[in-house]
Peer 1: 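After the structure tokens below, expect a handful of questions from me.
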Amino acid sequence: METDDISTRDSKRLSYSQEKESPIILAESEEIQGLHRRLSNRQIQWIAIGGSIGTALFVSIGWGLIEGGPGSLFLSFVIYAFFLGLANSCMAEMTIFMPVVGGWVRMGSKWVDEAYGFMAGWNFFLYEAVLIPFEISALNLVLTYWTDDIPVAAVVAGCVVLYGIINLFAVRAYGEAEFWLSSGKIVLIFMLFAFTFVTMVGGNPQHDAYGFRYWKKPGSFNAYLHQGTLGRFEGFLGAFFQASFTIVGPEYVAMVAGEAIYPRKTIKTAFKTMYYRFGLFFILGSLCVGIVLPYNDPTLVNVLNTQGTGTGAASPYVIAMKNMGISVLPDLTNALMVTSIFSAGNSYVYCATRTLYSLSIDGHAPRFLQKTTKAGVPIYCFCVTMVFPFLAFLNVGGKASEGVKWLANITQAAQLLDYIFMCTIYIFFFNALKAQGYDRNALPYKGWGQPYVAYVGVAFFTVVLCIYGYTVFYAFDIGLFMTYYAMCFICVVLWVGFKLIKRSKFVKATEADLVWERPKIDAYEASIDPPLGLWTDMWQTCTFKKSKPHMV
């Protein structure tokens, strides 16, 4: 979907001269905005995978199946993955051109309007921070697969401690932890793909080659809320909204750009392979779910309606394994889901911390939050972020599944807003390039079909956001309405409030700062060898042989 130029420098030279690439800059270039570039190629690629595979792909995807049926589920994942690819194209071109700390959040302030960056940054921070207790709540419920007597408080405390240990050390420690945790996710999803294929061709205790039986009976498309054509369309929408909550990715790659080794190479690879991840993990995953289980399976319907999607027993795969009389494998699946959920929460701690740090850098959060440790960790931002996991303690006195569903709904609107912001920022970026005479063919990465791709992205995600909570209007409830659309109102308040107080103005295309931190980034990349290839890096990790980039 994109085209690349062999060169990694623009044909139009920036205003800084070669003299600025001095030994002083070379010595300091590895530390940019207080953070350290320590994430290796291997870690970045696996973080990109880990950030895009979450609990929703293994558990809550069941809601999409029972509401829309296997046909609607598969089509919705294909369609949404395609449109999210448009946002990925926008993010890739901007981030590889300017791999700064904070990524697209700070680009909004620099290239659109300070108020826009303020709004986008706080929306993304709240989205990531609220997801931390959401994942801890889900972890507690997944553990109930083995026993109902789960010490909720102990699990929450354990997660808080482990997240603190992983994120308080150098970013390399976070990257290494995510590499191994993401490896567990990859093992899990390929194991489930293998389970689907082997059992559908007869490799199960009943020797029943069921194939695509459930697509015929009870059928490919289910009616939801209403009967007939309207009901089937609403079933598709139910599956589609589930896809919008499940498929993610570009935002996590953009957030690690400021701490990536040789970012214009490693981040480029992560963005380019995102399309393959969409197809392999999400589209194929939605197909498998519709193969192994019918949408009217009584166990699935009962578990989702009574226990919610937080429990491992709600996983369509686990239910299918039990229906076939397969033992051991459900326990292994649930165990790997535990590591998957923990990894997701760990990623949210990292992203929320870095987002808050980037807000502070731009003056959109208190200045004291810019304090970093010698290892390059924004210590005060981390402390503020770690307040949110304690919300998970609320589950001690209530039903965690209700809290999980509420948090999931309120954060989904924020997620859709993020993609609208990304595509909008790209439009301003594209106009700035054009106004200032930059040749896009010479960019390190060039997105296909721009700026039309960005315009389509803005329109698509805006429509999805508007209709996302349409069911609330059948029997209007103000509480449920606010659950779906609260973040929209919060963003409006943030934007208008900043505009009124700071009197910020939209950045003119001719005045947008396209130099920014490029001199430092160019100097840094010129001072080290290119990173190891992914498989070379993997081999050296497995054989305990490490080689580090050296200064030239």
Side-chain angles (χ1 to χ4, degrees), residues 56-86 196 200 210-247 278-279 281-306 308-309 314-317 319-320 323 405 408-409 412-413 415-416 456 459-477 480-481 483-485:
L57 184 61
F58 306 122
V59 182
S60 54
I61 192 173
W63 279 112
L65 179 62
I66 66 174
E67 291 178 2
S72 290
L73 185 67
F74 178 70
L75 285 176
S76 63
F77 270 68
V78 170
I79 294 171
Y80 192 81
F82 171 80
F83 281 100
L84 189 54
L86 305 185
T196 302
M200 72 182 293
Y210 58 89
F212 285 85
R213 176 186 302 161
Y214 302 132
W215 283 60
K216 298 178 181 178
K217 186 178 181 180
S220 301
F221 301 94
N222 187 31
Y224 177 61
L225 297 179
H226 294 86
Q227 296 301 315
T229 303
L230 175 60
R232 286 190 292 273
F233 177 68
E234 289 181 308
F236 169 78
L237 288 179
F240 185 80
F241 296 142
Q242 182 58 50
S244 70
F245 183 63
T246 304
I247 309 176
F278 288 161
F281 298 134
F282 296 112
I283 295 176
L284 185 56
S286 67
L287 178 64
C288 289
V289 167
I291 290 174
V292 300
L293 212 62
Y295 66 74
N296 63 349
D297 180 87
T299 304
L300 177 66
V301 174
N302 179 63
V303 171
L304 289 180
N305 288 328
T306 58
T309 56
S315 171
Y317 295 105
I319 295 172
N323 288 349
K405 193 170 184 178
N409 285 335
Q412 188 170 2
Q415 180 175 308
L416 292 169
V456 172
F460 172 79
F461 290 111
T462 300
V463 170
V464 174
L465 180 64
C466 291
I467 66 174
Y468 154 64
Y470 79 96
T471 56
V472 73
F473 296 104
Y474 285 148
F476 188 78
D477 179 89
L480 189 58
F481 175 80
T483 297
Y484 282 113
Y485 295 106

Peer 1: Run Leu84 and Phe282 through side-chain contact (heavy atoms from CB on, under 4.5 Å) and show every step you take.
Peer 2: CA-CA 12 Å; Leu84 189 54; Phe282 296 112; over 6 Å; no

Peer 1: Got a second to check how far Phe74's CZ is from Leu284's CG, nearest 0.5 Å?
Peer 2: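 Spacing of CZ (Phe74) from CG (Leu284) equals 8.5 Å.
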
Peer 1: Is there a donor-acceptor pair under 3.5 Å between the side chain of Ser315 and the backbone N or O of Phe58?
Peer 2: yes

Peer 1: Any side-chain heavy-atom pair from Asp297 and Leu65 closer than 4.5 angstrom?
Peer 2: no

Peer 1: Can you list the steps and then say if Tyr224 with Leu237 is a side-chain contact (heavy atoms from CB on, under 4.5 Å)?
Peer 2: CA-CA 9 Å; Tyr224 177 61; Leu237 288 179; over 6 Å; no

Peer 1: Quick one: pull up CZ in Arg232 and CG in Leu225 and give me the separation to the nearest 0.5 Å.
Peer 2: 14.0 Å

Peer 1: If I compare all heavy atoms of Gly69 with all of Asn222, which pair ends up nearest, and what's the gap?
Peer 2: N-CB, 3.8 Å

Peer 1: Which is it for Leu293 and Tyr214 under the side-chain contact (heavy atoms from CB on, under 4.5 Å) test, yes or no, and what are the steps along the way?
Peer 2: CA-CA 7 Å; Leu293 212 62; Tyr214 302 132; 5.5 Å; no

Peer 1: Could you tell me which non-hydrogen atom of His226 sits nearest to which non-hydrogen atom of Ala223, and how far apart they are?
Peer 2: O-CB, 3.4 Å

Peer 1: Using the test ring-ring contact (aromatic ring centres under 6.0 Å, His included), find all partners of Phe83 that sit at least two apart in sequence or belong to another chain.
Peer 2: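 With sequence neighbours excluded, Phe83 shows a ring-ring contact (aromatic ring centres under 6.0 Å, His included) to Phe460, given in chain and number order.
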
Peer 1: Can you sort out the partners of Phe233 under ring-ring contact (aromatic ring centres under 6.0 Å, His included), two or more places apart, ordered by chain and number?
Peer 2: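 ring-ring contact (aromatic ring centres under 6.0 Å, His included) list for Phe233, sorted by chain: empty.
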
Peer 1: Does any non-hydrogen side-chain atom of Leu287 lie less than 4.5 Å from one of Phe77?
Peer 2: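 Side chain of Phe77 against side chain of Leu287, heavy atoms only: no contact under 4.5 Å found.
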
Peer 1: Answer yes or no: is there a side-chain heavy-atom contact under 4.5 Å between Tyr295 and Val301?
Peer 2: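 Side-chain contact under 4.5 Å: no.
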
Peer 1: Taking all non-hydrogen atoms of both residues into account, name the closest pair between Ala243 and Ser76 and its distance.
Peer 2: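 Minimum heavy-atom contact is CB-O, 3.9 Å.
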
Peer 1: Any non-hydrogen side-chain atom of Phe240 less than 4.5 Å from a side-chain atom of Tyr80?
Peer 2: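 Phe240 vs Tyr80: side chains touch.
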
Peer 1: Side chain of Tyr485, backbone of Gly469: donor and acceptor closer than 3.5 Å?
Peer 2: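 Between the backbone of Gly469 and the side chain of Tyr485 there is a qualifying donor-acceptor contact (under 3.5 Å).
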
Peer 1: For a 4.5 angstrom cut-off between non-hydrogen side-chain atoms, does Phe481 reach Phe473?
Peer 2: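 Touching, per the 4.5 Å side-chain cut-off.
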
Peer 1: Is there a donor-acceptor contact under 3.5 Å from the side chain of Gln415 to the main chain of Ser244?
Peer 2: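 Side chain of Gln415 to backbone of Ser244, a donor-acceptor pair under 3.5 Å: yes, one is there.
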
Peer 1: How close do Leu86 and Val456 get, counting heavy atoms only, and between which atoms?
Peer 2: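 Closest heavy-atom pair between Leu86 and Val456: CD1-CG1, 3.7 Å.
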
Peer 1: Quick one: closest heavy-atom pair of Pro218 and Pro294, and the distance?
Peer 2: CD-CB, 3.6 Å

Peer 1: Give me the atom names and distance for the closest heavy-atom approach of Ala56 to Ser60.
Peer 2: CA-OG, 3.0 Å

Peer 1: Evaluate the side-chain proximity of Tyr317 to Ile61: yes if any heavy-atom separation is below 4.5 Å, no if none is.
Peer 2: no

Peer 1: Is the closest side-chain heavy-atom distance between Ile291 and Phe212 below 4.5 Å?
Peer 2: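 In contact.
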
Peer 1: Please round to the nearest 0.5 Å and tell me the distance separating atom CG of Leu73 and atom CD1 of Ile283.
Peer 2: 11.5 Å

Peer 1: Is it the case that the side chain of Ser220 and the backbone of Trp215 share a donor-acceptor pair, with hydrogens and angles ignored and the cut-off at 3.5 Å?
Peer 2: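 Checked: pair present.
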
Peer 1: Considering only heavy atoms from C-beta outward, does the side chain of Phe245 approach that of Tyr468 to under 4.5 Å?
Peer 2: no

Peer 1: Could you walk me through whether Phe281 and Ile247 satisfy the side-chain contact (heavy atoms from CB on, under 4.5 Å) test, starting with their C-alpha distance in whole Å, then the side-chain angles of each, then the deciding distance to 0.1 Å, before giving a yes or no?
Peer 2: CA-CA 9 Å; Phe281 298 134; Ile247 309 176; over 6 Å; no

